[in-house]
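Structure first, then comments.
Naming convention: chains lettered A, B, ... in sequence-line order (proteins, then strands); numbering from 1 in each chain.
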Number of protein chains: 2
Amino acid sequence: MSMAGTVEAEGGGSLHQRILSDINEKILSGAWAPGHRIPFEHELSVQYNCSRMTVNKALSQLAKAGLIERRRRSGSFVRRPQSQAAVLEIHDIRIEVEALGLPYRYERVARHKRRSNTEDRALLELATAGPVLALECRHFAGERPFAHEQRLINLIAVPEAADEEFMAVAPGPWLIGRVPWSEAEHRIRAVAADRHIAAALDIETGAPCLVVERRTWSAEHPVTHVRFTYAAESHTLVARFRPQG
Amino acid sequence: MSMAGTVEAEGGGSLHQRILSDINEKILSGAWAPGHRIPFEHELSVQYNCSRMTVNKALSQLAKAGLIERRRRSGSFVRRPQSQAAVLEIHDIRIEVEALGLPYRYERVARHKRRSNTEDRALLELATAGPVLALECRHFAGERPFAHEQRLINLIAVPEAADEEFMAVAPGPWLIGRVPWSEAEHRIRAVAADRHIAAALDIETGAPCLVVERRTWSAEHPVTHVRFTYAAESHTLVARFRPQG
DNA sequence: CGTTTCAATATGTATATACATAATCGTCAT
DNA sequence: ATGACGATTATGTATATACATATTGAAACG
């Protein structure tokens with residue numbers, strides 16, 4: 001390894017990391033604009049005084065992250081940012097409440113086991129009728145209701161749930177870990193509180209609420225559908241975009 | 001390469017891909033529960049009849065994706081799904097409207113160039129005063145207002161914006177591509193329409209609205225802050241969880 | 001009995017090498 | 001001109017190898 005002039009010493013992380021963040025910086029700062037051809041693997045391997053494999057791994061990762069596009073025989077090119085994709089972290093409600101420094105309390109309002117009706121099947125995207133568990137719960141932050149939860153659990157997918165009363169433990173934490181879930185879909189919207197929700201959250205009828213609905217699948221079966229309703233003042237969802245890991 | 005008994009021929013993709021999706025499947029199906037120690041690199045390299053490097057690359061990728069945790073000397077373990085992370089795609093409004101099959105129309109309501117006041121600095125997270133461009137726009141789906149846009153652009157970061165009237169082109173599409181952005185933060189909440197918003201969206205005062213605020217940074221500077229307000233009936237955000245890419 | 005030391009082990013990173021694959025360019029014959 | 005074809009080139013994938021590093025478990029020692 002000839003050290004001719006290169007800094008090399010500093011760096012902090014591995015070479016892999018350094019190449020990655022260098023190129024990242026060039027792209028995000030605009031120094032390399034969209035469409036710009038970045039140096040060939042061979043050139044970078046000379047510049048960083050390393051093997052082509054090391055460069056290749058870094059560039060492959062950038063390509064997978066969508067920052068560059070690689071074309072055989074032509075080289076690698078900076079892509080323009082296209083989709084505004086953001087990562088939305090949806091935490092357990094207990095954690096959110098405790099992050100606010102408030103005492104958390106959970107209350108089960110209702111629990112019904114029944115054969116799925118038409119609405120249940122629509123919510124769970126079930127093709128055929130079968131047993132479901134319908135739950136209604138409230139989550140408190142201190143004295144005030146924080147969130148209202150309406151949940152359906154597909155008992156075909158989670159038969160053990162039929163034996164659980166959910167008086168002490170909320171269905172969310174109960175399901176996590178017990179059921180491996182492969183996919184989830186969230187829908188977020190604003191609604192006016194109806195009388196039922198208004199009473200549950202102790203707000204005015206017609207007051208704006210944030211609704212987060214989640215449908216979860218596990219391999220084959222729909223597992224659960226849950227609708228959380230938050231009073232407008234109490235809740236903001238935060239999503240972050242981050243181009244790399 | 002001894003072919004002793006292994007299938008090898010089939011597969012479709014590369015070995016790398018096959019290892020990746022095999023393990024993925026095992027984890028998501030629940031066959032390998034959280035905490036389970038997956039086979040050592042050495043064992044997998046025997047099983048797939050390939051080198052340790054190939055296995056290592058696949059496992060490193062799974063580790064980066066958060067599906068497994070790797071511990072030196074101990075092995076690699078399946079992690080429990082911890083954060084409900086979902087990918088939220090926020091499209092350009094024109095695209096959303098056109099996806100609904102409705103004609104899109106854009107209207108610039110107001111444009112002010114000024115020295116940033118206290119509120120501007122709070123929204124943009126600016127430390128010092130400087131020139132900003134404040135825009136107010138409406139986006140229509142057919143005849144009806146679809147979204148109301150309030151935007152601040154930091155003219156220190158984007159001086160060219162000072163010369164643009166934004167009569168024909170919306171600031172969102174104008175900024176994309178022109179400014180490389182390294183980070184963005186979204187805040188999503190429900191509010192009641194005030195008189196101004198109600199008039200702009202042609203809804204009742206106090207009606208629930210979905211508000212999406214986005215703050216964007218580019219390397220050093222804050223670039224823009226934008227608040228989109230949607231009438232409740234008109235809009236639902238959809239976010240998807242997907243364990244891999 | 002507790003602590004230190006040391007070897008074994010699994011992962012982390014990098015290298016040189018090899019061949020496959022796709023795209024492009026130039027050449028040459030029609 | 002035009003089309004066929006082969007050489008060139010850059011990336012894609014995999015291999016064998018080497019050494020670094022963190023952690024565990026057991027042996028040696030006070």
Side-chain angles (χ1 to χ4, degrees), chain A residues 1-4 6-23 27 32 35-79 244-245, chain B residues 1-4 6-23 32 35-79 245:
Chain A
M1 279 233 196
S2 77
M3 294 243 186
T6 48
V7 180
E8 185 155 310
E10 229 261 348
S14 58
L15 240 172
H16 181 87
Q17 280 302 321
R18 220 182 96 206
I19 298 174
L20 235 143
S21 56
D22 275 12
I23 296 180
I27 294 176
W32 289 350
H36 180 264
R37 208 212 76 222
I38 77 174
F40 297 129
E41 292 187 351
H42 172 251
E43 299 178 80
L44 287 171
S45 76
V46 170
Q47 179 182 330
Y48 285 96
N49 190 29
C50 67
S51 76
R52 184 171 80 89
M53 274 304 299
T54 304
V55 173
N56 179 285
K57 272 206 282 187
L59 294 193
S60 299
Q61 194 173 322
L62 285 171
K64 179 164 306 185
L67 276 171
I68 64 173
E69 182 190 341
R70 317 199 68 192
R71 286 202 288 275
R72 282 173 149 132
R73 166 75 211 237
S74 308
S76 303
F77 299 82
V78 177
R79 296 214 318 181
Q244 203 58 9
Chain B
M1 276 236 197
S2 76
M3 294 244 187
T6 47
V7 180
E8 185 156 312
E10 227 260 349
S14 58
L15 240 172
H16 181 89
Q17 279 302 321
R18 219 181 96 206
I19 299 174
L20 233 143
S21 56
D22 275 13
I23 295 180
W32 288 350
H36 181 263
R37 206 210 78 222
I38 77 174
F40 297 127
E41 293 187 352
H42 171 251
E43 300 177 80
L44 288 171
S45 76
V46 171
Q47 179 182 329
Y48 285 96
N49 191 30
C50 66
S51 76
R52 184 171 79 87
M53 274 304 298
T54 304
V55 173
N56 179 286
K57 273 207 281 187
L59 293 192
S60 298
Q61 194 173 323
L62 285 171
K64 179 164 306 186
L67 274 172
I68 65 173
E69 182 189 342
R70 318 200 67 192
R71 287 201 288 274
R72 282 174 149 132
R73 166 75 214 236
S74 309
S76 304
F77 299 83
V78 177
R79 297 215 316 182

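The CZ-C1' distance, from A/F40 to D/dT9, rounds to 9 Å in whole Å. Straight-line distance from the CD atom of A/Q61 to the C1' atom of D/dG12: 16 Å, rounded to whole Å. D/dG12 atom P lies 11 Å from atom CD of A/E69, rounded to whole Å. Distance, A/Y48 OH to C/dT13 C1': 17 Å, rounded to whole Å. Look at CG on B/N56: it is 8 Å from P on C/dT13, rounded to the nearest Å. Rounded to whole angstrom, the span from the CD1 atom of A/I68 across to the P atom of D/dA10 amounts to 15 Å. Per the geometry, CD belonging to B/E41 stands 15 Å off P belonging to D/dA16, to the nearest Å. Straight-line distance from the NZ atom of A/K57 to the C1' atom of C/dA14: 7 Å, rounded to whole Å.
Where the helix from C/dC1-D/dG30 to C/dT30-D/dA1 starts and where it ends, the local axes point in directions that differ by 10°; five pairs per end, rounded to 10°.
Smallest separation of non-hydrogen atoms from A/Y48 and A/D22: OH-OD2, 2.7 Å. For the pair B/P39 and B/W32, the tightest heavy-atom approach, listed with the atom from each and the gap, is CD-CH2, 3.6 Å. Across all their heavy atoms, B/S76 and B/I68 have their closest contact at CB-CD1, 4.2 Å.
Between A/H16 and B/I38, it is B/I38 whose nearest contact on DNA chain C lies nearer the 5' terminus.
In this structure, OG1 in B/T54 is found 6.5 Å from CD1 in B/I19, a value given to the nearest 0.5 Å. Here CZ of B/R18 is found 11.5 Å from CD1 of B/I23. Values are rounded to the nearest 0.5 Å. Taking CD of A/E41 as the reference point, atom CE of A/M53 lies at 9.0 Å (rounded to 0.5 Å). With rounding to the nearest 0.5 Å, the separation of NZ in B/K57 from OG in A/S60 is 7.0 Å.
Within the 3.5 Å criterion, the main-chain N or O of A/G66 finds a donor-acceptor partner in the side chain of A/R79.
The local environment of NE2 in A/H36 is crowded, with over 12 non-hydrogen atoms from other residues, nucleotides or ligands closer than 6.0 Å.
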Whether each nucleotide of nucleotides 17-27 of chain C has a protein heavy atom under 4.0 Å at its base (B), only at its sugar-phosphate (S) or at neither (-) is summarised, 5' to 3', as BB--BSBBS--

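Contact between the side-chain N/O atoms of B/T54 and the OP1/OP2 oxygens of D/dT13 is not found at any separation under 4.0 Å.
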